[in-house]
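Chain A is the first sequence line, chain B the second, and so forth, proteins listed ahead of strands; every chain is numbered from 1.
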Amino acid sequence: MVTWRLAPGSDPSRPSPYISPRIGRGRITSRPSPYISPRIGRGRIIRNRKVLTDSYLPPHLPGRDFQITTFDEYLEPLLYDEQPFDLAFTGKTGTGKTAVARHVLVRKMEELAGAPVKFLYLNCSQANTAYRVMYHLNRAFGILVPPSGYPFDVLFNNFKSVFEGGRLRVVLVLDELDLLVKRDGGRLLYGLTRLNGDLIERSSSLTIVGIANTPDFLERLEERTRSSFKPKRIYFPPYGAGELLDILRERAKLGLVEGTWSEEALSHIAAAVARESGDARRAIDLLRLAAELAEKDGSSARLEVRHAEAALDYVDEGEIEIVIRTLPFHHRLVLQAAAELLHRGDPRPGTGAVYSRYSALARRWQMRPLTLRRVSGILRELESQGVISLEMSYGGARGNTKVVTGMALRPDRMLAKLSKLGVR
DNA sequence: TATCCACCGGAAGATGGGGTAT
DNA sequence: ATACCCCATCTTCCGGTGGATA
């Protein structure tokens with residue numbers, strides 16, 4: 001899974017514990033987004049920077065015709081004032097789920113203007129508890145409630161009363177729903193789906209469109225939720241190289257100055273990303289980064305293959321430093337422990353080794369060390385933030401454990417950053 | 001093929017810090 | 001001041017896990 005990249009000046013015969021940011025699945029790795037120049041667009045090559053971000057909704061969504069048509073058809077009952085099915089979009093990050101949802105909803109809103117239909121979109125990475133989702137739903141209907149400290153039931157009943165007031169069809173899109181389910185276990189989902197059954201008014205209804213990265217999140221719901229929430233599924237496969245190329249072409253056409261990019265550079269990015277993940281967001285980030293590198297390159301006024309290559313290799317130390325700086329204290333100590341072990345030559349320190357080193361560090365700070373269970377969890381958190389990379393080691397009679405196989409910076413650089421930030 | 005190691009990771013409960021209402 | 005609420009973080013408990021080894 002992890003391919004090694006040699007650190008500058010290191011022994012080429014030995015892999016160094018230095019992961020390239022394009023692997024992994026962490027936050028840094030999946031969205032490098034390093035704005036090299038603080039200028040806002042209008043460079044020699046970049047015409048419109050906004051187009052080169054994943055929040056931009058393009059007019060066309062290459063390769064997603066089937067999903068768009070299917071979603072459209074599933075929403076058709078709204079035209080006849082009937083309740084649509086619940087839906088679930090599944091697929092990995094950057095496969096166009098959110099884009100398709102927004103694309104279709106925008107069209108439907110125009111199509112159904114004036115009808116008693118309301119579309120709501122909520123991202124559960126921000127509203128990641130049942131209470132916060134309800135808080136936003138209340139606000140969406142103009143009901144002001146405190147952001148915390150209030151009984152959940154009150155918020156829920158507020159929301160319910162919205163439907164009892166008269167005819168109303170609501171389509172609620174819950175993006176990154178798996179994050180909410182992970183915490184809440186589907187209790188909110190259960191309540192929301194049951195809501196329809198409780199309504200006396202048959203011309204009111206709530207339809208839920210859940211968007212999730214993990215395909216098995218439905219299976220992981222608790223039993224009673226699974227029996228009441230039975231969505232139709234729409235699957236989003238990873239993009240292939242051809243589709244990614246179509247996406248990049250369109251973004252280049254809209255976001256770059258005409259004639260300042262080579263087709264080969266786009267193909268290079270598309271092929272690399274298709275091989276690695278099929279994540280369109282990653283491809284778009286790389287396009288922007290490559291364009292920025294090309295603008296900085298004095299010897300050319302064009303985005304060429306070498307800029308695409310450079311973008312693929314780019315490590316943004318500043319970005320990683322920001323992540324490290326915002327790490328809680330014990331996370332830093334765990335990271336320091338792992339970095340020290342790697343630096344001292346242990347190529348694959350396990351959880352046990354990291355824990356004993358960490359404990360010593362914590363005691364040096366006159367703090368009671370967290371439990372092994374917690375540190376095990378912290379290692380996973382560091383991994384998902386792209387700071388370290390982990391592998392499972394199946395050691396037979398010597399037991400199974402996670403091992404740290406690398407980090408976003410060379411261990412000595414990591415230690416230097418940590419001590420600069422005051423952990424020592 | 002049974003056992004064992006050194007953890008893994010889910011579940012549930014404790015803790016403490018934030019809030020609101022009376 | 002008191003009695004509720006919400007919520008993130010951490011601890012405790014405990015049934016796995018999978019290949020090496022006896």
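Here Glu292(A) pairs with Arg49(A) in a salt bridge; the nearest charged N to carboxylate O distance falls below 4.0 Å. Using a 4.0 Å cut-off between charged side-chain N and carboxylate O, Arg187(A) and Asp184(A) make a salt bridge. Note on Lys230(A) versus Asp86(A): no salt bridge recorded, every NZ/NE/NH1/NH2 to OD/OE distance being 4.0 Å or above. Glu82(A) and Arg169(A) are not joined by a salt bridge, as no carboxylate oxygen comes within less than 4.0 angstrom of a charged side-chain nitrogen.
The base of dG19(C) has none of its N or O atoms less than 3.5 Å from a complementary donor or acceptor on the side chain of Arg398(A).
Contact between the side-chain N/O atoms of Thr371(A) and the OP1/OP2 oxygens of dT11(C) is found at a separation under 4.0 Å. Arg380(A) has a side-chain polar atom (N or O) that falls below the 4.0 Å cut-off from OP1 or OP2 of dG9(B). Proximity of Arg368(A) to the phosphate of dC10(C): no side-chain N or O atom is located under 4.0 Å from OP1 or OP2. Between Lys402(A) and dG9(B) there is a side-chain polar atom (N or O) within less than 4.0 angstrom of OP1 or OP2.
In this entry the distance linking CZ of Arg374(A) with P of dA14(B) reads 19 Å, nearest Å.
Contacts between residues 146-161 of chain A and DNA chain B, defined by a heavy-atom separation under 4.0 Å, are made by Pro146(A), Ser148(A), Gly149(A), Tyr150(A). For the segment residues 348-363 of chain A, residues with any heavy atom less than 4.0 angstrom from an atom of DNA chain B are, sorted by number, Thr351(A), Gly352(A).
Checked against a 6.0 Å centroid threshold, the rings of Phe229(A) and Tyr190(A) do not count as neighbours.
Residue contacts for Asn128(A): at a heavy-atom cut-off of 4.0 Å it reaches the sugar-phosphate backbone alone, with no base atom in range.
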